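Let me begin by presenting the structure, written as structure tokens, before commenting on it.
Model, not experiment: these values are computed from the prediction. Only this structure's heavy atoms are used, side chains among them; waters, hydrogens and symmetry mates stay out.
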Amino acid sequence: MGGIKLGRIPDRTPVRITISVPPELGQTLNDYSDFYAQSYGVAEPLSELIPAMLQSFVDGDHAFRRARRTSS
């Protein structure tokens with residue numbers, strides 16, 4: 001398939017990670033979920049919000065991105 005412009009789509013199989021959080025953080029996440037629903041008019045489960053929150057956090061960490069580029 002030599003001339004195709006679109007590159008191969010990367011693996012999109014989810015990776016399951018199970019964590020426990022302190023009660024205060026659990027409540028904060030529930031509060032954030034409520035705030036999200038109020039802001040956008042759509043309730044999303046925490047199982048959908050948390051990966052997006054983590055991705056946003058990692059993407060916003062400039063020092064981490066710089067270090068990751070350097071080590072690649």
Side-chain angles (χ1 to χ4, degrees):
M1 298 272 157
I4 189 167
K5 192 168 192 162
L6 178 66
R8 186 174 195 127
I9 295 174
D11 182 13
R12 293 170 288 166
T13 305
V15 176
R16 180 171 291 280
I17 299 173
T18 303
I19 65 168
S20 297
V21 298
E24 300 82 19
L25 179 55
Q27 184 58 54
T28 300
L29 291 170
N30 285 322
D31 293 345
Y32 191 90
S33 178
D34 293 343
F35 180 65
Y36 181 95
Q38 290 171 2
S39 297
Y40 293 107
V42 176
E44 295 285 352
L46 280 175
S47 61
E48 296 293 325
L49 288 176
I50 291 173
M53 293 164 70
L54 290 172
Q55 189 67 58
S56 177
F57 175 83
V58 171
D59 289 348
D61 190 327
H62 302 293
F64 171 71
R65 287 194 337 226
R66 200 173 318 111
R68 195 168 189 208
R69 271 194 314 267
T70 302
S71 67
S72 295

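- Rounded to the nearest 0.5 angstrom, Leu49 CG and Ser33 OG are separated by 5.0 Å.
- Taking CG of Leu29 as the start and CG of Asp34 as the end, the distance is 11.0 Å to the nearest 0.5 Å.
- Shown here for Phe64 and Val58, the closest heavy-atom pair between the two residues is CE2-CG1, 3.6 Å.
- Residues satisfying the side-chain hydrogen bond (donor to acceptor under 3.5 Å, both in side chains) criterion with Arg68, sequence neighbours excluded, are absent altogether.
- With hydrogens and angles disregarded, a donor-acceptor distance shorter than 3.5 Å links the side chain of Thr70 to the backbone of Arg66.
- Criterion: ILVMFWY side-chain heavy atoms under 4.5 Å apart, direct or through other members. Under it, Ile19 and Val15 are part of a common hydrophobic cluster.
- Counting only residues at least two apart or in different chains, side-chain hydrogen bond (donor to acceptor under 3.5 Å, both in side chains) contacts with residues 38-57 comprise Gln55-Asp59.
- Taking both residues in full, the closest heavy atoms of Gly26 and Val21 are given as N-CG2, 3.9 Å, listed atom of the first, atom of the second, then distance.
- Nearest approach of Ala43 to Ala37, heavy atoms of both residues: CA-CB, 3.9 Å.
- Both Met53 and Ile17 are assigned to one and the same hydrophobic cluster, defined by single-linkage of ILVMFWY side chains at heavy-atom distances under 4.5 Å.
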